[in-house]
Amino acid sequence: GMTTAKGIAQALKTVGFPAEAIGKGLFAVGMRSSRVVAAALKHVGVAIKPLTKVLSRLGYAPKNIAVGLKAAGHGVKAIAKNLKSIGLNSANNIAKALKGADFSAKSVAKGLKATGAGAKTIAKALKSAGWSSLKTILRALKSAGISGYKTLKGALKAVGASAKDIIKLL
C-alpha cells in the first residue's frame, strides 16, 4: 500500500515526480536506508545510472550507495562502473565501498577490472580494502580473468610479495 517505500515511490511517480524528488520524499517520511530508497526507486523504473546519481545527491557515502545498488539487484561490475561515473576515481575507494557492501575479494576484483583497472591497481586496492593475504589477492585476480606469469608476478610484487612468496604462489 501507500505506506511502504515502494508504494510512496509509485504514488509520487504517478503524479509526475522525478527520481530525486521521490528520494527526498522518502527521506522526509523517515525512510533513510539506502537499501529501501534504492529498491523503491528501482521499483518505479529508475535505471542504475540515474539511481547512482540520486543516491549520491542524497548524501549517501559510497559504501551505502553500493549497499543500495546491490539491494536493488545490481551486479558488482555495474556498481563499480557507476561508482566511478559519480567521481569515485580511486580503485582503492571503489574497493572499500564494494567490500562495505559485502562483496567478496573475487567480486571486487571483477568489478575493478570492469572499470578498466589493471592487475597492479586491483591488487593494491584489494590490499587497501583489507584483504591482506597474498593467496586471496592472487585468487581474486585469477577469478577476474587476469592471467600470465609476468602480470601476476608484477601484481604480487606491488603488494609487497617477496621473491620467495612469488615462487610459492606462482
Side-chain angles (χ1 to χ4, degrees), residues 19 23 33-170:
S33 143
S34 64
R35 277 189 181 88
V36 171
V37 173
L41 290 172
K42 186 184 183 212
H43 176 72
V44 296
V46 180
I48 185 164
K49 198 162 194 161
L51 179 52
T52 307
K53 281 196 181 119
V54 167
L55 292 173
S56 173
R57 286 202 200 110
L58 289 171
Y60 288 111
K63 175 194 134 174
N64 293 322
I65 295 173
V67 165
L69 294 174
K70 186 182 183 186
H74 295 291
V76 73
K77 290 178 185 178
I79 295 172
K81 284 188 200 164
N82 279 281
L83 286 173
K84 193 174 180 182
S85 80
I86 54 162
L88 205 64
N89 290 316
S90 124
N92 290 5
N93 290 339
I94 293 172
K96 285 180 185 134
L98 294 172
K99 188 180 191 205
D102 290 323
F103 282 107
S104 68
K106 287 179 179 178
S107 292
V108 172
K110 288 174 187 156
L112 290 172
K113 189 175 180 222
T115 70
K120 284 181 188 173
T121 302
I122 294 170
K124 286 182 185 165
L126 291 171
K127 190 174 181 182
S128 89
W131 285 290
S132 52
S133 147
L134 293 171
K135 198 179 263 181
T136 300
I137 292 170
L138 179 61
R139 281 193 189 132
L141 291 170
K142 285 181 170 175
S143 85
I146 294 163
S147 59
Y149 177 78
K150 271 178 86 169
T151 304
L152 293 169
K153 185 178 107 172
L156 289 173
K157 266 179 86 171
V159 290
S162 66
K164 203 169 141 188
D165 291 328
I166 289 167
I167 292 163
K168 258 197 305 203
L169 289 163
L170 296 178

### Task
Begin from the C-alpha positions of Leu170 and Leu138 and carry the test side chain to side chain contact (heavy atoms under 4.5 Å, CB included) through to its verdict.
CA-CA 9 Å; Leu170 296 178; Leu138 179 61; 3.8 Å; yes
### Query
Passes side chain to side chain contact (heavy atoms under 4.5 Å, CB included), Leu126 versus Val159? Steps please.
CA-CA 9 Å; Leu126 291 171; Val159 290; over 6 Å; no
Measure across [X] and [Y] and return the closest heavy-atom pair with its distance rounded to 0.1 Å.
X	Y	answer
Gly23	Val37	CA-CG1, 4.4 Å
Ala123	Ala155	CB-O, 3.6 Å
Leu88	Ile94	O-CD1, 3.2 Å

### side-chain hydrogen bond (donor to acceptor under 3.5 Å, both in side chains) partners of residues 111-121, not counting sequence neighbours, each pair once
none
#### Entry: Of all pairs that satisfy side-chain hydrogen bond (donor to acceptor under 3.5 Å, both in side chains), the ones with a partner from residues 122-136, not counting sequence neighbours
Ser133-Thr136
Any residue meeting side chain to side chain donor-acceptor pair (under 3.5 Å) with [X], in chain and number order, not counting sequence neighbours:
X	result
Arg35	none
Ser107	Ser104
Ser85	none
Asp165	Ser162

### Task
Please collect all ring pair (Phe, Tyr, Trp, His ring centres under 6.0 Å) contacts where either partner lies in residues 45-91, sequence neighbours excluded, each pair once.
Phe27-Tyr60
### Task
Please name all residues satisfying side chain to side chain contact (heavy atoms under 4.5 Å, CB included) with Ala38, sequence neighbours left out, ordered by chain then number.
Leu51, Leu55, Ala72
## Note on the structure
Residues at least two apart in sequence or cross-chain that pass side chain to side chain contact (heavy atoms under 4.5 Å, CB included) with Ala125, listed by chain then number, are Ala91, Asn92, Ala95, Leu112
Under 3.5 Å donor-acceptor pairs involving side-chain atoms of residues 144-153, not counting sequence neighbours:
none

### Query
Under a 4.5 Å cut-off applied to non-hydrogen side-chain atoms, are Ser34 and Ile65 in contact?
no
### Message
Can you confirm whether Leu134 sits close enough to Ile166 that some side-chain heavy atom of one is under 4.5 Å from a side-chain heavy atom of the other?
### Response
no
### Task
Give, for atom CD1 of Ile79 and atom OG1 of Thr52, the distance between the pair rounded to the nearest 0.5 Å.
8.0 Å
### Summary
Here the gap from Ile86 atom CD1 to Leu83 atom CG, rounded to the nearest 0.5 Å, amounts to 5.5 Å
### Within residues 54-76 or reaching into it, pairs that qualify as salt bridge (Lys or Arg N to Asp or Glu O under 4.0 Å) - sequence neighbours excluded
Glu20-Arg57
Under 3.5 Å, side-chain donor or acceptor atoms of residues 96-103 against the rest of the protein: list the pairs with distances, not counting sequence neighbours.
from, atom 1, to, atom 2, distance (Å)
Lys99, NZ, Ala129, O, 3.2

